[in-house]
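Below you'll find the structure, written out as structure tokens, and then a few comments.
Just so you know, these numbers come straight off a predicted model, no measurement behind them. The first residue of the sequence shown is numbered 1, and numbering continues consecutively from there.
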Amino acid sequence: MTVTLADVAARAQVSPATVSRVLNGNYPVATATRERVLRAVDELDYVLNGPASALAAATSDLVGILVNDIADPFFGIMASAIQSEIRGPGGRAGGERLAVVCNTGGSPERELTYLTLLQRQRAAAVVLTGGAVEDCAHKEAVGAKLSKLAAAGTRVVLCGRPPAPEAIALTFDNRGGAQRLTEHLIGLGHRRLGYVAGPEERTTTRHRLEGHRAALAAAGIEDDPRLTVHGGYDRRAGYEATLELLRREPSLTAVVAANDTVALGACAALRAFGLRIPEDVSVVGFDDLPFAIDAVPALTTVRLPLAEAGARAGRIAMGREEPPPGGIAMVPGELMVRGSTGAPRD
């Protein structure tokens, strides 16, 4: 049964005119009233009518691309590649699609808000990039939003994100890539490895840490919980976490970083401690972002085909490429061995 403006008004105990003012944002409304109306909209999953052109068709010309941080090259590369494939048959106003990049800042609430807004606008497609939040309630809420989008005719594609119902998923092999990185270090002779992990609530963090631990277990090396420090996916987090690792275990011979940006911070911390890379401590990253090969020394990492995966997600979203069998494809990474790793001194 379709939820109407009147239903929202009844739930919020206001007039339909007040609901309209809140949703259109064209008239001052008391904060408490506004919050009550927005809560009713969310509880009833009310979808505001979009432009007339969208109402005339099952979907509009809008394509939403959700990213955690557009300033992060990991997301910027994927978003750019997705957008390059979002095009119509040609010409100005000739079937072109409007790509809207939605920057969530890593906020679960913003992610849900953007999905609701895209649902209201009857988006032709939605592409969600990067890892998901490890929270059952949020996972259920996102699943419900994706189901409603798909039921309304919106194509939903996940790029670098674990599979979800009603969506096509191109999933990065974070476990396998992380395992190969740690195996590489163990093969060089390292036994005292510190791990700078990403945020604990992210699936990418868990999967990469699982791969690291699998390599340790296979080599019979104890997984010392003191040698794992969690932080953000940024350079400063890598710097601070590495200093903490060195405080806990000064004899570390290798640092495994959650991604390449974190690895840069780790390298800076090691140099601040007077340690050389890789003569004293080896460092590895993950993703093979453009700056990784230009780091000094060049960074050993796992290359994820971010541009290729993004372009494929865009083509699938536009219906110009068939989805993978079963709607899920595992995208492997490639180990890139460079100058930041070497055998330990002892």
Side-chain angles (χ1 to χ4, degrees), residues 63-87 97-107 110-111 114 125-132 155-162 167-178 180-181 198-199 202-205 207-208 232-238 257-265 267 284-295 298-318 320-321 324 329-336 338 340:
V63 175
I65 304 170
L66 271 68
V67 301
N68 280 0
D69 181 4
I70 194 61
D72 184 335
F74 178 88
F75 293 101
I77 291 169
M78 281 193 290
S80 177
I82 293 165
Q83 187 169 359
S84 71
E85 296 293 337
I86 295 173
R87 61 179 187 270
R97 303 287 189 178
L98 174 63
V100 176
V101 178
C102 306
N103 198 85
T104 68
S107 164
R110 293 303 302 166
E111 183 173 71
Y114 282 131
V126 173
V127 183
L128 294 86
T129 64
R155 292 191 187 94
V156 181
V157 183
L158 311 178
C159 187
R161 192 177 179 114
I168 298 158
L170 306 179
T171 303
F172 294 142
D173 185 14
N174 287 305
R175 287 189 189 88
R180 286 191 293 277
L181 273 174
R202 291 280 162 183
T203 55
T204 300
T205 298
H207 294 162
R208 292 182 182 182
Y233 281 127
D234 56 86
R235 182 185 181 280
R236 180 169 182 172
N259 65 16
D260 295 339
T261 306
V262 171
L264 289 187
C267 290
V284 298
F286 206 111
D287 297 335
D288 197 24
L289 298 177
F291 60 76
I293 197 168
D294 294 320
L299 196 60
T300 292
T301 185
V302 164
R303 179 185 183 274
L304 290 180
L306 301 175
E308 296 89 337
R312 185 181 181 189
R315 291 193 297 272
I316 292 172
M318 292 297 93
R320 294 192 291 105
E321 180 174 325
M330 181 67 75
V331 180
E334 178 184 1
L335 179 63
M336 310 297 291
R338 299 186 180 120
S340 68

Inset, instruction - Answer yes or no: is there a side-chain heavy-atom contact under 4.5 Å between L128 and E111? - result: yes
Legend entry - T300 side chain vs V284 backbone, donor-acceptor pair below 3.5 Å: no
Legend entry - Validation row: D288, L304 side chains within 4.5 angstrom (heavy atoms): no
Legend entry - Closest heavy-atom pair and its distance - P332, P305: O-CD, 3.6 Å
Legend entry - Within-4.5 Å side-chain heavy-atom neighbours: V63 and M318: yes
Legend entry - Distance-minimising heavy-atom pair for L264 and F291: CD1-CE1, 3.4 Å
Inset, instruction - Could you pull out the closest heavy-atom pair between A307 and A81, with the gap in Å? - result: O-CB, 3.2 Å
Inset, instruction - Decide if atom CZ of R236 counts as having more than 12 heavy atoms of other residues, nucleotides or ligands within a radius under 6.0 Å. - result: no
Compile the donor-acceptor pairs under 3.5 Å between side chains in residues 167-177 and protein atoms, sequence neighbours left out, one pair per line.
{"from": "T171", "atom 1": "OG1", "to": "R161", "atom 2": "O", "distance (Å)": "3.0"}
{"from": "D173", "atom 1": "OD1", "to": "G176", "atom 2": "N", "distance (Å)": "3.0"}
{"from": "N174", "atom 1": "OD1", "to": "R208", "atom 2": "NE", "distance (Å)": "2.8"}
{"from": "N174", "atom 1": "OD1", "to": "R208", "atom 2": "NH2", "distance (Å)": "3.0"}
{"from": "R175", "atom 1": "NE", "to": "E210", "atom 2": "OE1", "distance (Å)": "2.5"}
{"from": "R175", "atom 1": "NH2", "to": "H207", "atom 2": "NE2", "distance (Å)": "3.2"}
{"from": "R175", "atom 1": "NH2", "to": "E210", "atom 2": "OE1", "distance (Å)": "3.2"}

Legend entry - Any I86 side-chain heavy atom under 4.5 Å of I65 side chain: yes
Legend entry - C159 side chain near V331 side chain, heavy-atom distance below 4.5 Å: no
Inset, instruction - Kindly say whether G105 contributes a backbone atom to a donor-acceptor pair with the side chain of N68 at under 3.5 angstrom? - result: no
Inset, instruction - Please answer whether the main-chain N or O of A295 pairs with a side-chain N or O of R338 as donor and acceptor at a distance below 3.5 Å. - result: no
Inset, instruction - Grab the two heavy atoms, one from A329 and one from R312, that are nearest each other, plus how far apart they are. - result: CB-NH1, 4.0 Å
Inset, instruction - Could you tell me whether a side-chain N or O of T203 sits under 3.5 Å from a main-chain N or O of G131, the two making a donor and an acceptor? - result: no
Legend entry - Approximate separation, where rounding is to 0.5 Å, of L289 CG and L306 CG: 6.5 Å
Legend entry - Backbone N/O of D260 and side chain of D287: donor-acceptor pair under 3.5 Å: no
Inset, instruction - Indicate yes or no: at least one non-hydrogen side-chain atom of F74 is less than 4.5 angstrom from one of D69. - result: no
Legend entry - Gap between atom CE of M336 and atom CG of L181 - 0.5 Å precision: 11.5 Å
Inset, instruction - Mark yes or no for whether Y233, through its side chain, and T205, through its backbone, hold a donor-acceptor pair below 3.5 Å. - result: yes
Legend entry - For R155, all residues meeting side chain to side chain donor-acceptor pair (under 3.5 Å), sequence neighbours excluded: none
Inset, instruction - May I ask you to decide whether E85 forms a salt bridge with R315, counting only side-chain N to carboxylate O separations under 4.0 Å? - result: yes
Inset, instruction - Identify the two heavy atoms, one from I77 and one from P290, that lie closest to each other, and give their separation to 0.1 Å. - result: CD1-CD, 3.8 Å
Legend entry - T129 side chain to L66 backbone, donor-acceptor under 3.5 Å: yes
Inset, instruction - Locate the shortest heavy-atom distance separating G232 from V262; write the atom from each residue and the value. - result: O-CG2, 3.6 Å
Inset, instruction - Determine whether more than 12 heavy atoms belonging to other residues, nucleotides or ligands lie under 6.0 Å from atom CD1 of I293. - result: no
